[in-house]
Amino acid sequence: MLGDPFSDAADTRVFPLLSPTEEAVREALGEDYAISLGTMTSFMEKNTARVPLSLDVGIFDWLTAGVVVPAVQPETEFAFHFEADSTGANAGFGPGGGAASGFLSGLGTSIDAFGAYRDAACSADPSSPECTDATAVLDDALSFQSGLTAMYGTMFAPLGWSAAGVALQARLSSVAAAFEAAGVTGVPASMPLANTFLTMEEILEMVTEPAFGIGAAHPLGQWRALWGLGDIEVRTDARLLESGEPDGPRHIVAGAGARVRLPTGTQDDPANFLDAATGDAQIDVELRGWMNGRWTGRFGLWADIRYGIQLPGTTERRVFDPNYTFAPMSSQLQLDWNPGDYQFVELSPWFRVAESLTAVAGYRYYRKGRDSFTKAAADATGSVQGAGAQDPEILVPHSGASSSRVTFGMVYNRAGTGRDGATGGPLEIRLLYRGVVGGGGGNVPKAGSIEAGFRFFRGLWGG
């Protein structure tokens, strides 16, 4: 489901910015700790309206050239809910710099005093039990101090009443008892920790406010872009073989074609986690072969095979582990991009219900190879320079995909002359449903689409 990355625990898999806090608490506790701000639930549905304006011109009766200019509008429906309670949350915002610095100062003074005690014990007899025990206590206290210093350097901390908060207080008491046994006092009685759950408003602010490191360009809510231009396609098709009569019981037509998609669309905004692209914005070159055959009066088969070569281009991505929901804005980077080639196979048997009405069913398989990414020599966009970016290779496993779709629909064809002798321009109307039934590789959502099309035929020359 598209909403899955925005559901479940609000932990480091959702907010990587929580990782330093989690690691610091583990160091301070000396044991495992998994941070969570609460529980998220969400629903997401993406819709794309695509209106291709197509013009085809018959150069000869066997050769056609055309162009497709698509207008595209992506839209995302998104419902988000966050809840923090004692069963799902164990952390919140930290206590603030003033309280933290006062506590760390008191703890540091006590550790320095105990360090002087240890030095004196070891100077008298480095092999004595007193020296060994004092060194172990000091090392433990220094590790505890290091973890707490790192934790207070982040924006988050365990809740005081959570299991981790209670364990931290217990460790502080243990350090104080060990110090007091050596005559060192002044260890703070308690440490400041988080004292309130986060609210939904604060979670939403974490996503958009740059201070938290995510810097989303759009909040978690409905998203609808303006109509934009997709990748314009220039194509040509040639009929290479024809067998049988068009009106006879057996008729087969086969041909080949080529098309080029131009980089006129726009890629999705890496800072908008709800955005969708109107195109790839790089050049594709595609070769195809097709066949439409009828072997009885009513039954036939349409077949289409394509191979596409996607030429290199550039892209801007957040170069971070795709398994994390909100990649930090510091990972945004301009990349040189070499998309993988793709293959497409479609087999669609059809049945002529009436002279002008045809029922269509079909299967479509699509496979795209993995992309390759390298850091661009220079970032000309003026965006964040990727100080927190990972190796672009981390994007490769999620860039390849395959999918299987089924098709059902009807096609209406009106010939130029009706049975009553009345003439009119030929017309084709089609209404098709396509749905994903399987997939593999990268993210292949369970998607469905409805395709409605109209084709009008007009003579330009020669009658």
Side-chain angles (χ1 to χ4, degrees), residues 2 4-6 12-17 19 46 48 72 74 76 210 213-218 225 228-231 260-286 306-344 366-403 439-445 447:
L2 290 175
D4 287 352
F6 304 91
T12 56
R13 283 288 179 178
V14 178
F15 298 106
L17 60 96
S19 294
K46 287 181 176 284
T48 299
V72 182
T76 301
I214 297 174
H218 189 273
L229 183 64
D231 290 339
V260 176
R261 293 186 190 90
L262 305 176
T264 53
T266 56
Q267 301 173 9
D268 57 340
D269 181 358
N272 184 345
F273 297 94
L274 306 178
D275 195 13
T278 66
D280 290 338
Q282 47 73 231
I283 296 176
D284 292 353
V285 178
E286 179 182 289
R306 307 181 188 183
Y307 188 91
I309 300 172
Q310 301 195 93
L311 301 183
T314 60
T315 184
E316 191 166 4
R317 306 279 180 93
R318 294 200 168 184
V319 185
F320 205 78
D321 188 340
N323 292 312
Y324 288 76
T325 302
F326 296 110
M329 63 181 181
S330 62
S331 67
Q332 193 162 314
L333 191 67
Q334 188 81 6
L335 299 171
D336 291 326
W337 173 39
N338 189 6
D341 297 348
Y342 64 88
Q343 301 86 42
F344 170 103
Y366 174 85
R367 178 189 175 277
K368 177 187 165 298
R370 290 184 173 184
D371 303 349
S372 65
F373 302 91
T374 56
K375 293 182 180 180
D379 189 335
T381 65
S383 64
V384 177
Q385 297 298 305
Q390 300 178 358
D391 188 333
E393 284 292 315
I394 202 167
L395 303 178
V396 172
H398 290 254
S399 62
S402 63
S403 64
N443 296 322
V444 181

May I ask you to decide if F320's main-chain N or O and S331's side chain share a donor-acceptor pair within less than 3.5 Å?
-> no
Roughly how far, to the nearest 0.5 Å, is CD of E316 from CD of Q334?
-> 5.0 Å
With the side chain counted from C-beta on, respond yes when L335 and T314 share a heavy-atom pair under 4.5 Å apart, and no when they do not.
-> no
Can you list the residues that meet the side chain to side chain contact (heavy atoms under 4.5 Å, CB included) rule with D269, with sequence neighbours excluded?
-> A217, A271, N272, D275
Find out whether D231 and D280 are in side-chain contact, i.e. whether some heavy atom of one side chain is under 4.5 Å from a heavy atom of the other.
-> yes
Give the minimum heavy-atom separation between A281 and G265, together with the two atoms involved.
-> CB-O, 3.4 Å
Check: D371 and H398 side chains under 4.5 Å, non-hydrogen atoms = no
Qualifying residues under side chain to side chain donor-acceptor pair (under 3.5 Å), relative to Q267, sequence neighbours excluded | T315
How about S19 and T12: does a side-chain donor come under 3.5 Å of a side-chain acceptor?
-> no
Below 4.5 Å, heavy atoms only, C-beta onward: do R318 and P328 meet side chain to side chain?
-> no
Within a strict 4.5 Å, meaning less than it, do heavy atoms of the R317 and F373 side chains meet?
-> yes
ring-ring contact (aromatic ring centres under 6.0 Å, His included) filter on F326, not counting sequence neighbours, yields F6, F15, F273
Residues forming a side chain to side chain contact (heavy atoms under 4.5 Å, CB included) with D391, sequence neighbours excluded | E393
G340 backbone acceptor or donor facing Q310 side chain under 3.5 Å | yes
Please name all residues satisfying side chain to side chain donor-acceptor pair (under 3.5 Å) with R261, sequence neighbours left out, ordered by chain then number.
-> E233, E286, Y342
Qualifying residues under side chain to side chain contact (heavy atoms under 4.5 Å, CB included), relative to D321, sequence neighbours excluded = R13, N323, Y324, Q390, I394
Nearest heavy atoms of L395 and P322, plus distance in Å | CD2-CG, 4.4 Å
How about Q343 and D341: does a side-chain donor come under 3.5 Å of a side-chain acceptor?
-> no
Do you know the tightest heavy-atom contact between P392 and K375?
-> CG-CG, 4.0 Å
Side chain to side chain, P74 and K46, heavy atoms closer than 4.5 Å | no
Is there side-chain contact between T48 and V72, with at least one heavy-atom pair below 4.5 Å?
-> yes
Using the side chain to side chain contact (heavy atoms under 4.5 Å, CB included) rule, pick out the option among N338, I283, D284 that qualifies with L311.
-> I283
